[in-house]
Protein chains: 2
Amino acid sequence: MNIKEIAKKAGVSVATVSRVLNHPESVASDTKERILTVIKESEYTPNWFARGLNFNKTNTIALLIPNILNPGYMEIAKGVEDVAHQKDYTTLLCNGENDVSKERRYADSLIKRRVDGIVLVSSLLEDEDVELIKKQGIPVVLIGENRNISDVSIVRIDCQGAAYKAVRHLIDIGYRDIAIIYGDTPEIENMRKLEGYRHALSEEGIPDREELILVAPNTVEGGYIAAKKLIDMEKRPRAIFASSDLLAFGVIDAMKDFGLKVPEEIAVMGFDNIRMSNLIEPKLTTVEKPMHKMGVLGARLLFDLMDSKEEEDSANREILLQSKLKIRKSCGHRERIGEIF
Amino acid sequence: MNIKEIAKKAGVSVATVSRVLNHPESVASDTKERILTVIKESEYTPNWFARGLNFNKTNTIALLIPNILNPGYMEIAKGVEDVAHQKDYTTLLCNGENDVSKERRYADSLIKRRVDGIVLVSSLLEDEDVELIKKQGIPVVLIGENRNISDVSIVRIDCQGAAYKAVRHLIDIGYRDIAIIYGDTPEIENMRKLEGYRHALSEEGIPDREELILVAPNTVEGGYIAAKKLIDMEKRPRAIFASSDLLAFGVIDAMKDFGLKVPEEIAVMGFDNIRMSNLIEPKLTTVEKPMHKMGVLGARLLFDLMDSKEEEDSANREILLQSKLKIRKSCGHRERIGEIF
DNA sequence: ATGAAAGCGCTAACAG
DNA sequence: CTGTTAGCGCTTTCAT
């Protein structure tokens, strides 16, 4: 069923049919109605490709995230989708699986598909990849820091500052032997968290103990295994700062399996404040990362870029969000409960 | 940059360029190479729309799920995506948000976009909606039961049987006052679970206590609130069967808040076996629903349909999966540990 | 207000 | 092996 058949059935030219579809105001209301009924009866849907060929616009944005099984990323996705949906855009959700080559394949495919814009979340892509995309006239925004991409608009949080405050809190409530387990991905953000950790310790004159600094796959299992190493140490730490809640869950699980009480025998601090973090036992003290908001702001930024594509104000924008400490049970606490900053 | 310019630069006709793109074997290797370099240098990407206009195929399937924040659904999504990616298809992930009208909007948009196939997960759509899609020549498969759609291929699990076994287990280990909290979505599946619950009780001659049957929004919060009602009862139940792990998490959280020990004072059974269910305290006894597998099988089914679109073997197929009980701590237990069936 | 016709960029017969 | 050309279905001047 195509526009020609509709035109014939309605006894008009294709141009008129096209007009009622695109500029209905410019068609006499009786012909318009006639055509409209024919369209309805014939269950006619204008061919997407033919339209696209003329408009060269897809009304689609893409969202490339590292892992759809990670609830944090899905909250970001929800934020992006919320604003896209509101603007009547479809969003293509792509699962990069923390694999550069897979991300690259997606990027290619997205360029081909001529999406109108791309949001990259904690991407592993590099400057050249992004350059390629932008060269095709497709705006890009990053959510979350990335070592390899510089020339791009971004929304991110102050990881270092947040980690600093988290460790600072641990110190404030009396801990000194503090370990850190940081995830392997996203790399840069975790390096920043490590810096924040080091900063807090050194500020307090606490000597570095390199064996207390562990990397792990950013999963529950990763946390478990790393925690096991810490447990087996002769000089076991009294507190553990995990760079994500998922890791922290693994840590707490290990503590249970090996009979160590949290927080009485060992304190655990997370990062992200995903939904589950106040459902596990003990409820997790963690850094609240405003995921949904990051998604929303990222999408808005992207739409801004898309609207102003032609103009010259191509300066990259950067949105920096702060995160708050969410104090619950897993670290023990004195008088202060709730959000302290 | 279009095919014409490439042709000119390479000193050949557009047909030849098109050939190296689609049937490279039919082009002399020296001309081919020349053209290829021009393409590379010019960073030329064939226009997706023009191609689509000829092929009338998008290499895209769509996946419509009720809630991207629900980890169970994302596991299904992962399954679908895995097989699609392997076949070099892109998958469009749409978030219906348990809202029929939103789902309908998506369905419309997907028809327009001429996706090659659609997987509906626990959809709220009705037969007519699906009819509309199929009439456009787009194959559809359902994952999870649905009251309103009958004429379609489907992969599902035996909810009633699974619920029966779950409650049966509760009875076997000594409970008689068993409440059920079932989620409002997906409706049909939860009705089946309710039937399974009733069946198990009546089989044992345990009288129905209607006040022990509660509906709730299928979220952690929903479980919490429903559990609160149960706690406040004069004749409080000794066990609670929740129709999803999310609900069960809410239930357990409520028990903690109100000082009831699980399972000593009250047993809690979940459904789904999502990743978190063995991380909470106590580890959740639950029904293992093979989400990823459902996604994989659903996608395979869809590709089968897509391949045989023209042929007449349009009989709907149905794949019925069984689920296993995953016995952990939250219900207490006698000798049996592990999977019993 | 409506129609005729020229593209949009690409593919695939058909000829050579 | 390669070029010419007729569409694919739609939008949009340009006439009328």
Side-chain angles (χ1 to χ4, degrees), chain A residues 1-40 42-60 108-109 111-116 136-138, chain B residues 1-40 42-60 108-109 111-116 136-138:
Chain A
M1 186 63 42
N2 61 29
I3 199 172
K4 224 162 164 178
E5 303 185 48
I6 301 294
K8 193 179 304 174
K9 280 196 195 181
V12 295
S13 74
V14 294
T16 310
V17 178
S18 176
R19 275 194 202 95
V20 343
L21 259 19
N22 300 290
H23 314 285
E25 70 286 357
S26 72
V27 177
S29 56
D30 51 338
T31 27
K32 178 160 47 185
E33 259 178 80
R34 186 154 36 96
I35 295 174
L36 249 18
T37 38
V38 175
I39 287 181
K40 192 132 292 173
S42 318
E43 282 168 343
Y44 163 69
T45 312
N47 185 303
W48 175 259
F49 298 115
R51 274 185 137 215
L53 237 200
N54 287 287
F55 292 140
N56 219 39
K57 181 162 183 305
T58 49
N59 257 253
T60 304
D108 275 4
S109 152
I111 291 176
K112 282 209 204 97
R113 290 183 133 72
R114 287 194 153 46
V115 295
D116 299 330
Q136 303 285 340
I138 304 176
Chain B
M1 185 65 41
N2 61 26
I3 199 173
K4 225 161 162 180
E5 302 185 48
I6 301 295
K8 192 180 304 174
K9 281 196 194 181
V12 296
S13 75
V14 292
T16 309
V17 178
S18 175
R19 275 191 204 99
V20 342
L21 258 20
N22 299 290
H23 314 285
E25 70 285 357
S26 72
V27 178
S29 57
D30 51 335
T31 28
K32 178 161 47 186
E33 259 179 79
R34 187 154 34 97
I35 295 175
L36 250 17
T37 38
V38 174
I39 288 181
K40 192 131 293 173
S42 317
E43 283 166 347
Y44 163 68
T45 312
N47 185 302
W48 175 260
F49 298 115
R51 282 191 128 208
L53 197 48
N54 287 286
F55 293 139
N56 218 42
K57 181 160 184 305
T58 49
N59 258 254
T60 304
D108 274 3
S109 151
I111 291 176
K112 282 210 204 100
R113 291 183 133 73
R114 288 196 154 44
V115 295
D116 298 330
Q136 302 284 339
I138 305 176

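A, B, ... follow the sequence lines: proteins, then strands. Residue 1 opens every chain. No hydrogens, no waters, no symmetry mates; every other heavy atom, side chains included, goes into these values.
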Between B/Thr31 and B/Val20, is the side-chain contact (heavy atoms from CB on, under 4.5 Å) condition met? List the steps. CA-CA 9 Å; B/Thr31 28; B/Val20 342; over 6 Å; no

Would B/Thr60 and B/Arg114 satisfy side-chain contact (heavy atoms from CB on, under 4.5 Å), going step by step from the backbone distance to the final call? CA-CA 8 Å; B/Thr60 304; B/Arg114 288 196 154 44; over 6 Å; no

Any chance you could lay out the side-chain contact (heavy atoms from CB on, under 4.5 Å) test for A/Tyr44 and A/Ile3, step after step, and finish with the verdict? CA-CA 8 Å; A/Tyr44 163 69; A/Ile3 199 172; 3.7 Å; yes

side-chain contact (heavy atoms from CB on, under 4.5 Å) for B/Ile39 and B/Leu21? Distances and angles first, verdict last. CA-CA 10 Å; B/Ile39 288 181; B/Leu21 258 20; 3.7 Å; yes

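In this model, a donor atom of one side chain and an acceptor atom of the other lie less than 3.5 Å apart for A/Asn22 and A/Arg51.
Rounded to an integer number of Å, the gap from CG of A/Leu53 to P of C/dT11 is 11 Å. As rounded to whole Å, 9 Å separates atom P of C/dC10 from atom CD1 of B/Ile6. Taking atom CZ on A/Arg51 and atom C1' on C/dG9, their separation rounds to 18 Å, with Å as the unit. Summarising the geometry, the separation between CZ on B/Phe55 and P on C/dG9 is reported as 17 Å, rounded to the nearest angstrom. For the pair A/Asn54 CG and C/dG7 C1', the interatomic distance rounds to 8 Å; values are reported in whole Å. Rounding to whole angstrom units, CG of residue A/Asn47 and C1' of C/dC10 are separated by 14 Å.
Within residues 16-28 of chain B, the residues having any heavy atom closer than 4.0 Å to DNA chain D are, in order of number, B/Thr16, B/Arg19, B/Ser26, B/Val27, B/Ala28. The stretch residues 30-39 of chain B has no heavy atom under 4.0 Å from DNA chain C, so no residue of it qualifies as close.
Using modelled atom types, no side-chain atom of B/Asp116 and backbone atom of B/Lys57 make a donor-acceptor pair closer than 3.5 Å. With hydrogens and angles ignored, the 3.5 Å screen pairs no side-chain donor or acceptor of A/Ser18 with any backbone N or O of A/Val14. Counting only distance, with no hydrogens or angles, the side chain of B/Glu43 and the backbone of A/Gln136 share no donor-acceptor pair below 3.5 Å.
The minimum heavy-atom distance linking B/Pro24 with B/Lys32 is given by the pair O-NZ, 3.0 Å. Closest approach of A/Ser13 and A/Ala7 over heavy atoms only: C-CB, 3.7 Å. Heavy atoms only, all atoms of each residue included: B/Arg19 and B/Ser26 are closest at CD-OG, 3.6 Å.
If one axis is set at each end of the helix from C/dA1-D/dT16 to C/dG16-D/dC1 from five pairs, those axes are 40° apart, to 10°.
Read 5' to 3', the first and last nucleotides of DNA chain D with an atom closer than 4.0 Å to a heavy atom of chain B are D/dC1 to D/dG9.
Using a 4.5 Å heavy-atom cutoff, the side chains of A/Asn54 and B/Phe49 are not in contact.
Here A/Phe49 lies out of heavy-atom contact (under 4.0 Å) with every strand.
The 5' end of DNA chain D is approached more closely, in terms of each residue's nearest nucleotide, by B/Ser13 than by the other of A/Val14 and B/Ser13.
For B/Glu5, there are no salt bridge (Lys or Arg N to Asp or Glu O under 4.0 Å) partners two or more places apart in sequence or in a different chain. By the salt bridge (Lys or Arg N to Asp or Glu O under 4.0 Å) test, A/Glu33 is found to be paired with no residue, residues two or more places apart in sequence or in another chain being considered.
Listed nucleotides C/dA5, C/dC8, C/dC10 differ in distance to B/Asn2; the shortest reach to its side chain belongs to C/dC10.
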